[in-house]
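This report concerns only the one structure given below.
The structure displayed is predicted, hence computed values, not measured ones. Chain identifiers are assigned alphabetically (A, B, ...) following the order of the sequence lines, protein sequences preceding nucleic acid strands; residue numbering begins at 1 within each chain.
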Amino acid sequence: MKTVLALIDCRNFYVSVERVFNSTIRTRPVLVLSNNDGCVVALSEEAKQLGIRRGMPLFECQHLVDTHQVALFSSNYALYQDFSDRVMQTLSVFAPRQEIYSIDEAWLDLAHVEPAQLPAYGRTMQATVQRHTGLPVHVTIATTKTLSKIAHEILKQQPEYQGVLSIVTIPAEEIDTFLAQISVDDVWGIGAHFALALNAMGIYTARQLKDANMFVLKRRLNVTVQRTVLELRGVSCLPLAPHPKRKQHIASAKTFSRPVETLDDLSAAIATYAARAAEKLRSERSIAGSISVFITTNRFKKQDPQYSPSASRTLHLPTAFTPTLMRTALDALLSIYREGYQYKKAGVLLSDIRPQEHLQFDLFGAFSLSQHHTQARLMHAIDIINRLWGQDTIYFGAQGLARARTWQMRQERRSPRYTTRWNELFAVT
DNA sequence: CGGCGTTAG
DNA sequence: TATTCTAACGCCG
């Protein structure tokens, strides 16, 4: 059975979501900023035209922002995730199997669709997402994931396709002409480093990569590059994965809005990140066997003394109970904290993660089933309240009072959470 | 197996 | 003055 995959990619996703609620920014350049309003994480076509790039620190393009009336938004993940859910739900009716690849992308298995009908089918999907969510999407259809990404690059270069392209039935020579138009560093899976190495071997385009000796590439680079070559030849090596795997690591880490020096502030931050990580852990129905903590000074301030320690702790019993994880994290923090440094970032990492059912009774009797159930019920209740009423409706004393967390990220330009908070609903007047 | 490097969105 | 965050995978020692 031949593989047929559709890639659905929301165009400039965060920007497009902001534009759904704000008609005045639909023709202006728009930027969505990272935490702390520091870097550009998403931008509209108009902003790209101005020369602004993804990842740029805001201060580097401030002059363009000022002179071209660029609209700025802090990132509003609650809103974007809600729109993502709506897009994925809309797409799910078009295929028996769907892989949600990222917040703005999905693959669908279209093996059931008559090949000649694929372009029309793609056009219908595009129109349906537009109607249900107001978001523009690209739809590309191919026999491998990598080729569907290639078709997506073609759509970016050639607007006359109007966002839909199927390359399932076109002859091999025509696919070659597409591949020849794409630079090797725009091939999915080839980043800056591998692109340089490939250039040094005389490989500059996707077509040259397809025709390269994959065994040499496996030896000189790694097996993922070999797979990419095969995928470009139409041999599917990266199957659709409809059921996301349980996470092996869960991290919560953030840059502070200002340098932090005191143990008190760092403790409140680490407690907050531990709570956030524990929440994610429970949402995966998992428990963690170890936790590590790191703190780091500002590496961009080369004249300042630098210090970036980390510490790990193994938990006697794997758990998803916030107080235990928090206590352990704070204990680890105490072991690495040194006075006299300006800390800029801190984080918590959970690992040795397993399904919550795998909790094994320990042989020495420290484990109490009734205590475990009490803890699980408490966490469940807190999670439900925070989900209904918003993050941090209930939080732990060790996190410090919300208003005292002056290190917490700046989000000065966040749009309302129109769809997930009752008091921020979109109002029609 | 842990640390490092690479990639992705 | 200012510089995101999270996760997976492969390789190597």
Using OP1 and OP2 only, check whether a side-chain N or O of [X] sits under 4.0 Å from [N].
| X | N | result |
| --- | --- | --- |
| A:K245 | C:dC9 | yes |
| A:R227 | C:dG10 | yes |
| A:K301 | C:dA2 | yes |
| A:T255 | C:dC5 | yes |

* Structure fact -> Regarding the side chain of A:T224, the nearest nucleotide among C:dG10, C:dA7, C:dC5 is C:dG10
Can you measure [X] atom [atom1] to [N] atom [atom2] for me and round it to whole angstrom units?
| X | N | atom1 | atom2 | answer |
| --- | --- | --- | --- | --- |
| A:Q226 | C:dG10 | CD | P | 12 Å |
| A:I353 | C:dA8 | CD1 | C1' | 13 Å |
| A:H249 | C:dC9 | NE2 | P | 9 Å |
| A:N298 | C:dT3 | CG | P | 6 Å |
| A:Y77 | C:dT6 | OH | P | 9 Å |
| A:F300 | C:dA2 | CZ | C1' | 10 Å |
| A:F256 | C:dT3 | CZ | C1' | 16 Å |
| A:K345 | C:dT4 | NZ | P | 7 Å |

* Do A:T224 and A:N222 meet the criterion of a side-chain donor-acceptor pair at a distance under 3.5 Å? -> yes
* Structure fact -> Between A:T322 and the options A:E279, A:R282, A:R276, the side-chain hydrogen bond (donor to acceptor under 3.5 Å, both in side chains) test singles out A:R282
* Under the criterion side-chain hydrogen bond (donor to acceptor under 3.5 Å, both in side chains), which of A:K247, A:R246, A:K245, A:Q356 is the partner of A:E284? -> A:K247
* To do: Under 4.0 Å between any heavy atoms, over every strand shown, what does A:S75 touch: base, sugar-phosphate, or nothing? Just pick one.
  => nothing
* To do: Using a heavy-atom cut-off of under 4.0 Å over every strand shown, decide if A:Q248 touches base, sugar-phosphate, or nothing.
  => sugar-phosphate
* To do: Scan A:L33, A:V32, A:D37 and name whichever one has a side-chain contact (heavy atoms from CB on, under 4.5 Å) with A:S75.
  => A:V32
* **Qualifying salt bridge (charged side-chain N to carboxylate O under 4.0 Å, His left out) pairs, either residue in residues 62-91 of chain A, two or more places apart** => A:D82-A:R86
* Asked: Has A:F59 got its ring stacked on the base of C:dT3, with centres under 5.5 Å and planes less than 30° apart?
  -> no
* **DNA chain C: 5'-proximal contact among A:L349 and A:V41 (nearest heavy atom)** => A:V41
* Structure fact -> Per nearest nucleotide of DNA chain C, the residue lying toward the 5' end, A:L58 or A:I250, is A:L58
* To do: Applying side chain to side chain contact (heavy atoms under 4.5 Å, CB included), run through A:V235 and A:T144 and close with a yes or a no.
  => CA-CA 7 Å; A:V235 180; A:T144 71; 5.8 Å; no
* Nucleotide by nucleotide, 5' to 3', does protein get under 4.0 Å of the base (B), only the sugar-phosphate (S), or neither (-) in nucleotides 1-9 of chain B, counting heavy atoms? -> -----SSSS
* Asked: Are A:F83 and A:Y14 close enough, and set up right, to give a ring-ring contact (aromatic ring centres under 6.0 Å, His included), and what steps lead you there?
  -> CA-CA 10 Å; A:F83 265 76; A:Y14 298 171; over 10 Å; no
* Determine, for A:W107 and A:K145, whether the Lys NZ or Arg CZ falls below 6.0 Å from the six-membered ring centre while staying within 45 degrees of the axis. => yes
